[in-house]
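All values below were derived from every heavy atom in this structure, side-chain atoms included, with hydrogens, water molecules and symmetry-related copies excluded. Note that ligands are numbered from 1 as they come in the structure, with each ligand's atoms numbered from 1 the same way.
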Amino acid sequence: MLPAVYTVFYLNPGATPEVCAIVAEQLPEGWTLLTPNGVPPNRTGARGGFALELARCDFILVADHPVTAGHIAAAPRLKMIQHQGVGYERIDLDACRSRGIPVALTPEGTSIGVAEHTILLILALYKRLVTAANGVRAGRWPQWTLRDRSFELCGKTLGLVGFGRIGREVAKRARAFDTRVVYFDPEVLGPAPAELDVTDAPSLHALLAAADIVSLHVPLHAGSRHLIDREALRSMKPGAVLINTSRGGLVDEAALVDALLSEHLAGAALDVLEREPPAPDHPLLYMEQVLITPHIAAGTRDALRTKMRAAFTNLLRFTCGEPPQHVVADSIGAPTSTRAS
Ligand code: NAD
């Protein structure tokens, strides 16, 4: 018999007190929330970092911090891990499986936030928004100097690599800009919903060759690391742009730098990098045609509220003996898949 009240450890050292307060708003009555106040960020082992919180918690609620075998071993009462988003590649699924601890995702709130951010990045890059606004702030008035390098979305072809939850939300929004949408996703079976009015590309190469804008919406896993490598970049249309709101590891950044320097690509907008934050001398930081945001695609107050409501609802389901939603199949030993149910 499970106890009626539980302790949740919010394993997110980057969370500000304001963020923790939004999380706490959704906490079920009587439950306890532990936050890693005062614990230095980026600790990957349990010993010395989070030891007290892990020893007490029934559930871990995590954003993008790793959950290692060490963390799991240090949490004897742990029953389930709830990820507040969907990118779970930093959770040790083998360790979860061997302890019988399911990992559940929270797509609620995530997909819309990332889709809106994707459209924002495309428009900002196409319109050279940051360069124009910074120019004005610096006392210039770049009314004409950016014009030959600025574009509109209408009439362009947007290529979506990955057509799951986020890819579909992006497609929906892109159609409102009169953009043609083509996608490549080997796991999508059957035609996409007719109202999305999208075309299925026969291969990644075909998509890269057709798209003016390539946007990545696939999980990072062993088979997708550096999916966009030197050869893939060469396959892209001259003058195309690359958008990545998924995971930094999908792109070979050295090859991307070369593709931009050679002007084969006109620009890139990235919410994620292979190393976050990047080294201060990373060349992508200094390229005018590159726009980088700090992994905030799903990072709105609205999305956080929606996620927390859904995350705690899922934990409550679990404590009531109902099967939790969006469980990662690999965490419970179900057949291997890149997707959660
Ligand atoms: P999803 O599981 O619903 O969809 C992913 C799709 O990618 C699936 O349909 C799958 O078949 C497809 N796919 C897998 N490997 C592929 C490949 N090699 N080529 C083409 N398609 C492939 O996931 P989602 O909810 O749409 O999220 C996608 C990713 O977005 C997440 O895995 C995460 O990494 C990222 N994400 C980023 C942020 C952020 O803040 N920047 C927030 C949330 C999610």
Side-chain angles (χ1 to χ4, degrees), residues 12 14 19 62-65 83-91 93 103-121 159-173 182-190 192-193 196 198 200-208 211 214-229 232 235 243-252 269-274 276-277 291-300 302-304 306-307 310-311 325-330 335-341:
N12 182 3
V19 165
V62 67
D64 61 351
H65 195 280
H83 189 297
Q84 73 169 56
V86 295
Y88 56 86
E89 73 281 353
R90 302 182 87 185
I91 300 178
L93 296 184
V103 175
L105 308 183
T106 315
E108 298 88 345
T110 302
S111 309
I112 289 173
V114 179
E116 287 192 1
H117 198 78
T118 302
I119 300 294
L120 167 77
L121 290 181
L160 301 174
V161 184
F163 201 59
R165 291 172 293 238
I166 295 173
R168 284 159 202 252
E169 293 295 339
V170 174
K172 236 192 261 177
R173 285 154 181 77
V182 53
Y183 72 89
F184 171 69
D185 189 325
E187 287 186 39
V188 170
L189 302 174
L196 288 180
V198 293
D200 183 3
S203 65
L204 177 61
H205 179 82
L207 177 137
L208 296 174
V214 172
S215 188
L216 307 181
H217 303 287
V218 308
L220 181 62
H221 50 76
S224 65
R225 184 168 291 282
H226 287 192
L227 182 68
I228 304 301
D229 59 8
S235 301
I243 312 293
N244 187 7
T245 56
S246 211
R247 283 293 180 267
L250 295 172
V251 178
D252 177 343
L270 313 167
D271 184 52
V272 285
L273 293 170
E274 286 205 88
E276 297 174 7
L291 178 53
I292 298 176
T293 53
H295 203 144
I296 53 166
T300 61
D302 296 324
L304 184 61
T306 308
K307 283 162 183 275
Q325 293 184 322
H326 312 301
V327 171
V328 176
D330 290 352
T336 301
S337 165
T338 56
R339 305 184 66 169
S341 63

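Inclusion of T245 in the set of residues having an N or O under 3.5 Å from an N or O of ligand 1 is warranted. Of the N or O atoms in S111, none lie within a sub-3.5 Å distance of an N or O in ligand 1.
Annotation: side chain of E116 is in contact with side chain of R173 (closest heavy-atom distance under 4.5 Å). Within the 4.5 Å cutoff, the side chain of R247 has no heavy atoms near those of the S224 side chain.
Shown here for A63 and N12, the closest heavy-atom pair between the two residues is CB-ND2, 3.8 Å. Closest of all the heavy-atom pairs between G248 and E274 is O-CG, 3.4 Å.
Near V114, meaning under 4.0 Å from any of its heavy atoms, are these atoms of ligand 1: 38 (C), 42 (C), 43 (C). Every atom of ligand 1 with a heavy atom of V86 under 4.0 Å away is listed here by number and element: 25 (O), 27 (O), 31 (C), 43 (C), 44 (C). Of all the atoms in ligand 1, the ones that sit under 4.0 Å from a non-hydrogen atom of D271 are 39 (C), 40 (O), 41 (N). Which parts of ligand 1 touch P186 is read off a 4.0 Å heavy-atom cut-off, strictly below it: atoms 19 (N), 20 (C), 21 (N). Atoms of ligand 1 found under 4.0 Å from any heavy atom of H295, numbered from 1 in the order shown, are 39 (C), 40 (O), 41 (N). Below 4.0 Å from some heavy atom of A298 lie the following atoms of ligand 1, by number and element: 40 (O). Ligand 1 places these atoms under 4.0 Å from at least one heavy atom of H221: 14 (C), 15 (N).
Of the listed residues (H217, R168, E89), the one carrying the non-hydrogen atom nearest atom 28 (C) of ligand 1 is H217. Ranked by closest heavy atom to atom 12 (C) of ligand 1, the top entry among T118, V218, D185 is D185. Considering only non-hydrogen atoms, atom 7 (O) of ligand 1 lies nearest to P219 out of A297, S246, P219.
Expressed to the nearest 0.5 Å, how far CG of L250 lies from CG of D229 amounts to 11.5 Å. Rounded to the nearest 0.5 angstrom, I292 CD1 and E276 CD are separated by 10.0 Å. With rounding to the nearest 0.5 Å, the separation of CD in Q84 from OG1 in T106 is 7.5 Å. Note that CG of D200 is 10.0 Å distant from CG of L207, once rounded to the nearest 0.5 Å.
No donor-acceptor pair closer than 3.5 Å links the side chain of H205 to the backbone N or O of A232.
The backbone and the side chain of I166 each have at least one atom closer than 4.0 Å to an atom of ligand 1 (non-hydrogen atoms only).
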